[in-house]
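Okay, structure first, notes after.
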Amino acid sequence: MPRTVSLPASWDGAAAAALATLAPGMRPISLPDLADGWVSIASRRAEEAGLIAAPQLTAGLQDMLLRRRAAPGAAIWRSPEGLPIAQDEAGVPRFVFNLAAFLEAEAGFDLVGFQNAIDMATIALTVLRPGARRLALGFADLDGLLAGLGLAYDSVEARAVAADLAAVLRGRAECVSARLTDVTGRQPAPASWTAIPTSVAIPGLAAAARQFCEQANALGACAHEAVAALSEADAAEALLGVETTGLAPAFAKTRHTGELTQAARQSLAARGISVEAALALMLRGDTVLPLASPEAHAAMHAAVCAILPTPALRTTASRLVKAPAARSPTPATPLELPARRSGTLQKAAVGGHRLYLTTAEYPDGKLGEIGITLQKEGPAFRGLMDAFANAVSLGLQHGVPLDQFVDAFIGTRFGPGGAVDGDPTVGAATSIIDYVFRHLSVAHLNRSIPDPEESLIAGAEPALTLPLELPHEATDARRRRLRLVS
């Protein structure tokens with residue numbers, strides 16, 4: 001059954017799917033109504049604490065969201081009031097800034113707007129989650145910002161911009177946190193850190209980075225043990241329309257529809273090259289849109305991680321680090337699901353092939369079992385998918401994290417594949433297995449994965465890549481079509 005999702009007209013289907021995941025169920029939802037849940041609570045609490053007038057914070061947060069500049073993580077949308085303090089302390093509330101959205105066509109990067117957004121996000125997260133010892137203010141779509149500035153991702157100046165933005169984010173947020181000790185009731189001493197501002201691509205950025213680094217290191221106490229970090233992406237990134245998460249470069253210059261990404265278009269525009277001219281240059285053999293390498297990603301990571309805590313790299317370069325000697329794993333005791341368990345049933349079609357995906361959960365909501373039922377595939381393929389679902393379920397019950405299954409099976413390519421109908425969280429898949437883990441990633445990890453490129457789907461033909469069933473034709477009829485040749 002289709003679900004009504006109301007968004008600004010210029011926002012895309014991925015944003016609608018993200019909003020749907022932030023408000024599970026089938027009732028109609030709208031961005032203003034859902035955002036009002038956390039915006040109004042944050043504004044009221046901030047005014048009660050004497051931090052900022054409620055109308056001012058409300059207008060600022062709404063403006064950031066409508067301009068797709070920043071948004072809180074999924075937990076804030078789903079539970080604006082928060083949880084009991086003991087449970088709040090177990091999680092890290094996050095707020096993500098879409099760096100590319102702060103780049104204005106005429107004025108350049110809105111540094112003042114970025115600083116104001118940091119102030120409001122720090123206040124909002126603190127009053128919404130006063131029991132949280134740490135906050136995770138981070139950013140996304142660095143690649144898009146660099147493209148708009150005309151900087152190559154693998155360049156010294158690009159790394160300088162990233163490091164200085166990280167310094168502004170951390171320093172400014174720590175300065176705001178120092179004013180919020182009465183809200184949290186804690187006064188931990190902030191950790192000292194160092195930044196060496198050198199960027200010149202954004203006017204005033206290096207000076208701001210130096211200023212906030214010095215001010216933060218002079219603080220005696222803050223309301224939080226830490227305030228800034230690049231954390232795992234969730235539906236907030238999709239809602240903001242970012243093309244790359246965190247520090248990651250774009251490893252493709254086209255969307256799955258074949259169109260150039262926004263970052264690719266901005267890169268061409270910054271160099272004064274039209275799309276037609278770029279095509280002509282590429283046909284001539286010139287490299288107009290080079291792709292960043294894993295080594296470039298590792299260098300960017302190294303430039304920022306000393307200032308802003310970042311997730312571990314999952315690149316070829318990161319595997320070059322010497323690891324301790326491997327040991328045989330200790331057998332795990334399976335955690336059995338209760339006889340009566342909750343779960344979901346998702347009906348969908350991948351490339352026109354109907355399937356039913358069922359899940360069973362532990363009492364705490366953790367996924368413990370999946371089932372895949374196909375409607376019209378042959379017995380051999382149905383049996384294979386059933387065995388696969390059983391193997392995944394056993395892994396989940398033995399403690400294998402779902403995100404490891406997602407990383408392993410996303411992109412699995414065989415027929416049937418194609419457009420997905422009946423599931424608003426997934427637009428296309430390269431196979432049924434690919435679809436299953438795209439859906440589970442959104443439903444259980446709050447992690448939306450961009451749709452695959454069309455070229456990865458076009459060649460998937462089930463008749464060529466799956467176990468074949470014998471034709472449903474009588475043996476005598478088949479023999480009559482044979483001819484004796486010797």
Side-chain angles (χ1 to χ4, degrees), residues 70 73 89 91-97 99 102 109 111-112 114-126 129 132-142 145-146 156-181 183-184 186-202 204-233 245-248 297-313 318 321:
E89 291 175 347
V92 181
R94 66 188 301 264
F95 220 103
V96 60
F97 300 94
L99 293 180
F102 287 92
F109 186 80
L111 183 57
V112 173
F114 183 55
Q115 295 173 34
N116 291 336
I118 295 169
D119 294 354
M120 291 184 287
T122 307
I123 292 173
L125 283 188
T126 303
R129 297 292 191 269
R133 295 180 177 274
R134 305 170 70 89
L135 304 180
L137 276 73
F139 52 70
D141 215 357
L142 171 66
L145 171 63
L146 297 175
V156 173
E157 182 54 37
R159 292 190 286 272
V161 167
D164 287 358
L165 285 170
V168 170
L169 174 59
R170 177 173 178 174
R172 182 90 178 196
E174 286 185 350
C175 290
V176 176
S177 175
R179 308 200 312 263
L180 304 175
T181 54
V183 177
T184 64
R186 294 185 301 274
Q187 297 185 17
S192 61
W193 52 284
T194 303
I196 306 176
T198 59
S199 62
V200 296
I202 298 177
L205 177 59
R210 186 177 300 105
Q211 173 190 348
F212 294 122
C213 177
E214 293 173 354
Q215 291 180 359
N217 281 305
L219 296 173
C222 289
H224 307 90
E225 296 172 359
V227 291
L230 297 182
S231 53
E232 293 290 340
T245 59
L247 299 172
H297 188 194
M300 184 67 75
H301 185 276
V304 173
C305 66
I307 303 171
L308 210 60
T310 60
L313 280 178
S318 68
V321 179

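All residue numbers in this chain count up from 1 along the given sequence. All heavy atoms count here, side chains included; hydrogens, waters and symmetry mates do not.
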Legend entry - Straight-line distance of Leu219 CG to Ser192 OG, nearest 0.5 Å: 12.0 Å
Inset, instruction - Evaluate the side-chain contact (heavy atoms from CB on, under 4.5 Å) criterion for residues Leu137 and Thr122: first the C-alpha distance (whole Å), next the side-chain angles of each, then the deciding distance (0.1 Å), finally the verdict. - result: CA-CA 8 Å; Leu137 276 73; Thr122 307; 3.3 Å; yes
Legend entry - Parallel, tilted or perpendicular, as decided by the 30° and 60° cut-offs, for the rings of Phe97 and Phe114: perpendicular
Inset, instruction - Find out whether Ile118 and Val176 are in side-chain contact, i.e. whether some heavy atom of one side chain is under 4.5 Å from a heavy atom of the other. - result: no
Inset, instruction - Find the distance between CG (Leu247) and SG (Cys305) and round it off to the nearest 0.5 Å. - result: 9.0 Å
Inset, instruction - Might you point out which heavy atoms bring Leu99 and Asp141 nearest each other, and give the distance in Å? - result: CB-O, 4.1 Å
Inset, instruction - Keeping the roles fixed (side chain from Arg170, backbone from Ile307), state whether a donor-acceptor pair exists under 3.5 Å. - result: yes
Legend entry - Side-chain donor/acceptor of Glu174 to backbone N/O of Val227, under 3.5 Å: no
Legend entry - Flag, side chain of Ser177 to backbone of Ala173, donor-acceptor distance under 3.5 Å: no
Inset, instruction - Over all heavy atoms of both residues, which pair between Gln115 and Arg172 is shortest? Give the atoms and the distance, please. - result: OE1-NH1, 2.9 Å
Legend entry - Main-chain N/O of Leu205 paired to Asp164 side chain as donor or acceptor, under 3.5 Å: no
Legend entry - Inter-residue atom distance Phe95.CZ - Ile123.CD1, 0.5 Å rounding: 11.0 Å
Inset, instruction - Mark yes or no for whether Thr245, through its side chain, and Ala140, through its backbone, hold a donor-acceptor pair below 3.5 Å. - result: no
Inset, instruction - Give the minimum heavy-atom separation between Thr198 and Ala160, together with the two atoms involved. - result: OG1-CB, 3.4 Å
Legend entry - Enclosure of Gln187 CD (heavy-atom neighbours >12, cutoff 6.0 Å): no
Legend entry - Separation of Leu146 CG from Arg159 CZ (nearest 0.5 Å): 11.0 Å
Legend entry - Shortest non-hydrogen separation from Pro190 to Ala221 and the atoms involved: CD-CA, 3.9 Å
Inset, instruction - Would you check if Phe109 and Leu145 make a side-chain contact, meaning some heavy-atom pair closer than 4.5 Å? - result: yes
Legend entry - Taking every non-hydrogen atom, the tightest pair across Arg94 and Ala233: NH2-CA, 3.9 Å
Legend entry - Nearest-0.5 Å distance that lies between atom CZ in Arg179 and atom CG in Asp119: 6.5 Å
Inset, instruction - Take Leu111 and Phe102 through the side-chain contact (heavy atoms from CB on, under 4.5 Å) test and state the conclusion after the steps. - result: CA-CA 8 Å; Leu111 183 57; Phe102 287 92; over 6 Å; no
Inset, instruction - Specify the closest pair of heavy atoms between Phe139 and Val96, including all atoms of both residues, with the distance to one decimal. - result: C-CG2, 4.1 Å
Inset, instruction - Please test His224 against Arg134 for side-chain contact (heavy atoms from CB on, under 4.5 Å), starting from the C-alpha separation and ending with a verdict. - result: CA-CA 5 Å; His224 307 90; Arg134 305 170 70 89; 5.8 Å; no
Legend entry - Check: Arg186 main-chain N/O paired with Thr184 side-chain donor or acceptor under 3.5 Å: yes
